[in-house]
Amino acid sequence: MRSVSAVAFSSSANLGPGYDILALAHTSFFDRVSVREGSRTRLFCTGIPQEIESNTAGRAVTAMLRALDVRAELEIHIEKGIPYGLGLGSSGASAVGAVTAASELLGLSLSGEEIVRFAMQGEVASSGAAHPDNVAAATFGGAVAVLSDGPVVRRIPVHSAFRFLLIVPGQQREGKTRLARSLVPRAIETGKYVRNSRRLASLILGLSSGDRELLREGMNDEIVEPSRSPLFPFYWRIKEEALALNAAGVCVSGAGPSILVIFDERTDVSGIERRATSILESFGMSTRTVRAVSAGGAAIEEPGIVS
Ligand SMILES: Nc1ncnc2c1ncn2[C@@H]1O[C@H](COP(=O)(O)OP(=O)(O)OP(=O)(O)O)[C@@H](O)[C@H]1O
Ligand SMILES: N[C@@H](CCO)C(=O)O
């Protein structure tokens, strides 16, 4: 019985003002999803729901089969390498890995944007919303912008000077993204919209050109992050201290609580790791820090490759 495996990396969505628009795939963690044909569609995983429609991978694959009118019963094995409920795109990566592997197994030759279209349906299982950003980054790799509901996705070049630090608090909360999305205001003042839009432009230009001042200014958000502050009260202190230690940019990773720091050779990364650990300790939390680079997109694993 042929089995196909795919790997999909962790990601940080929003990047400050890019709510549901921008995301960055990084090498911090990855999921591996293996798919083979079976007698009935089943999920094999631990720690996350095993009911098809409650798991982002199962929901995404069944959405794909239904949309393409493909008759298949699939056994989906999920090896969770990305800790979930922490803002690292864990739910999205599983969906992308499952759709990528199933497409290969069934010879569907889906495009990247078609993979995103189905994988984002999977996100309804985790957050109640089909947000496309994490799955776009996990599919295409690097930094991405989702340009329309099509979805139309384009990669944003990331200057080689930039590296990434993930600060991961020991604070997993069930349904965190669903709650975080409920806190986002439904209406905003025009001035906030204009300032955030300017930052979005600065962020994209700074990330691709290597202009750290544009990036630092761009990675600020006065709409979504403040509305979610109660979920990560430690964030603002860590951000302030990381910028003082010359970070090139700091934001909440996705819906949090993890924090993404973009750094270069001018940044005191070890100092940021120490200060963040101390601040989180004062909140009674453990800390995990991971240094990473831009990750590639979802990839089919060749049989026999031991990773
Ligand atoms: N395949 C899956 N992988 C991870 N979580 C899943 C999966 N399927 C369903 N879930 C559920 O989704 C929730 C985690 O998703 P959530 O969106 O809250 O966090 P995240 O995806 O880890 O981070 P973020 O989306 O903020 O980047 C958990 O409640 C988990 O049980
Ligand atoms: N854009 C989504 C990302 C979740 O990782 C949100 O912030 O709710």
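We count ligands from 1, going down the list as the structure has it; atoms in each ligand are counted the same way.
- Counting only heavy atoms of the protein, atom 3 (C) of ligand 2 lies nearest to N134 OD1, 3.5 Å.
- Side-chain contact of N246 with T267: a donor-acceptor pair under 3.5 Å is absent, judged by distance alone.
- In the hydrophobic cluster analysis, where Ile, Leu, Val, Met, Phe, Trp and Tyr join through side-chain heavy atoms closer than 4.5 angstrom, I76 is grouped together with L110.
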Salt bridge (charged side-chain N to carboxylate O under 4.0 Å, His left out) assessment of K192 paired with E222: CA-CA 7 Å; K192 286 190 175 184; E222 58 183 285; 5.3 Å; no

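- When non-hydrogen atoms are compared, ligand 1 lies under 4.0 Å from neither the backbone nor the side chain of S12.
- Set against the non-hydrogen atoms of G85, the atoms of ligand 1 under 4.0 Å away are 14 (C), 19 (O), 20 (P), 22 (O).
- Regarding atom 16 (P) of ligand 1, its nearest protein heavy-atom neighbour is T177 OG1, 3.4 Å.
- For S127, the heavy-atom gap to ligand 1 stays at 4.0 angstrom or more.
- At a 4.0 Å cut-off, not a single heavy atom of G89 sits close enough to ligand 2 to count as contact.
- Taking a cut-off of under 4.0 Å to the non-hydrogen atoms of K80, the atoms of ligand 1 that pass are 3 (N), 4 (C).
- E73 and T41 are linked by a side-chain donor-acceptor pair at a separation below 3.5 angstrom, with hydrogens and angles left out of the test.
- The environment of CD in Q172 is crowded: more than 12 heavy-atom neighbours from other residues, nucleotides or ligands sit within 6.0 Å.
- Among the atoms of D31, none of the N or O lies under 3.5 angstrom from an N or O of ligand 1.
- Taking distance alone, with nitrogen or oxygen atoms compared against 3.5 Å, K176 approaches ligand 1 more closely than that limit.
- Atom numbering of ligand 1 starts at 1 in the shown order; those under 4.0 Å from a heavy atom of L88 are 23 (O), 27 (O).
- Within ligand 1, counting atoms from 1 as listed, the ones closer than 4.0 Å to a heavy atom of N134 are 27 (O).
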Verdict with supporting geometry, D264 and R212, salt bridge (charged side-chain N to carboxylate O under 4.0 Å, His left out): CA-CA 9 Å; D264 58 15; R212 71 188 328 268; 2.7 Å; yes

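- The nearest protein atom to atom 2 (C) of ligand 1, hydrogens excluded, is given as T56 OG1, 3.4 Å; this is a heavy-atom distance.
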Full working for side-chain hydrogen bond (donor to acceptor under 3.5 Å, both in side chains) between H26 and S12: CA-CA 8 Å; H26 39 72; S12 294; 2.8 Å; yes

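- The side chain of R228, and not its backbone, has at least one atom closer than 4.0 Å to an atom of ligand 2 (non-hydrogen atoms only; side chain from C-beta on).
- Not a single heavy atom of A13 sits under 4.0 Å from any atom of ligand 1.
- The nearest protein atom to atom 10 (N) of ligand 1, hydrogens excluded, is given as P49 CD, 4.1 Å; this is a heavy-atom distance.
- Annotation: R178, atom CZ; neighbour count of heavy atoms from other residues, nucleotides and ligands within 6.0 Å is above 12.
- No N or O atom of A57 sits closer than 3.5 Å to an N or O atom of ligand 1.
- By the criterion of a heavy-atom distance under 4.0 Å, the side chain of D133, and not its backbone, is placed next to ligand 2.
- Of all protein heavy atoms, the one closest to atom 6 (C) of ligand 1 is I48 CG2, 4.0 Å.
- Looking at ligand 1, you won't find any N or O of S253 less than 3.5 Å from one of its N or O atoms.
- Within ligand 1, the atoms closer than 4.0 Å to a non-hydrogen atom of L86 are 22 (O), numbered from 1 in the order shown.
- For ligand 1, the atoms sitting less than 4.0 Å from at least one non-hydrogen atom of A255 are 26 (O), numbered in the order shown with element in parentheses.
- At a 3.5 angstrom cut-off on N or O pairs, E174 counts as close to ligand 1.
- Between the side chains of E281 and S278, no donor-acceptor pair is found at a separation under 3.5 Å.
- With a heavy-atom cut-off of 4.0 Å, N14 touches ligand 2 through its side chain alone.
- Side-chain contact, S34 with S5: a donor N or O sits under 3.5 Å from an acceptor N or O.
- The distance from ligand 2 to the heavy atoms of A13 drops below 4.0 Å at these ligand atoms: 3 (C).
- Under the 4.5 Å side-chain contact rule for hydrophobic residues, V184 and L200 do not share a cluster.
- A salt bridge links D20 with R181; the closest basic N to acidic carboxylate O contact falls under 4.0 Å.
- Backbone and side-chain nitrogen or oxygen atoms of G254 are examined, and none is located within less than 3.5 angstrom of a nitrogen or oxygen of ligand 1.
- K239 places a side-chain N or O within donor-acceptor distance of the main-chain N or O of V250, the cut-off being under 3.5 Å.
- Among protein heavy atoms, the minimum distance from atom 27 (O) of ligand 1 is reached at G89 N, 2.7 Å.
- In this structure, R71 pairs ionically with D69, as a charged nitrogen and a carboxylate oxygen lie closer than 4.0 Å.
- Distances from ligand 1 to the non-hydrogen atoms of R178 include no value under 4.0 Å.
- The atoms of ligand 2 that sit less than 4.0 Å from any heavy atom of R181 are 1 (N), 2 (C), 6 (C), 8 (O).
- Residue-environment remark: OH (Y193) stays at or below the threshold of 12 foreign heavy atoms within 6.0 Å.
- Under the 4.0 Å criterion applied to side-chain N and carboxylate O atoms, E123 and R59 are not assigned as salt-bridge partners.
- Using a 4.0 Å cut-off to heavy atoms of Y84, the atoms of ligand 1 that qualify are 4 (C), 5 (N), 22 (O).
- Close N/O approach between H131 and ligand 1 is not found [any backbone or side-chain N/O within under 3.5 Å].
- For H77 and R36, the side-chain atoms include at least one donor-acceptor pair closer than 3.5 Å.
- Close contacts between ligand 1 and N55 involve ligand atoms 1 (N), 8 (N), 9 (C) [criterion: under 4.0 Å to a heavy atom].
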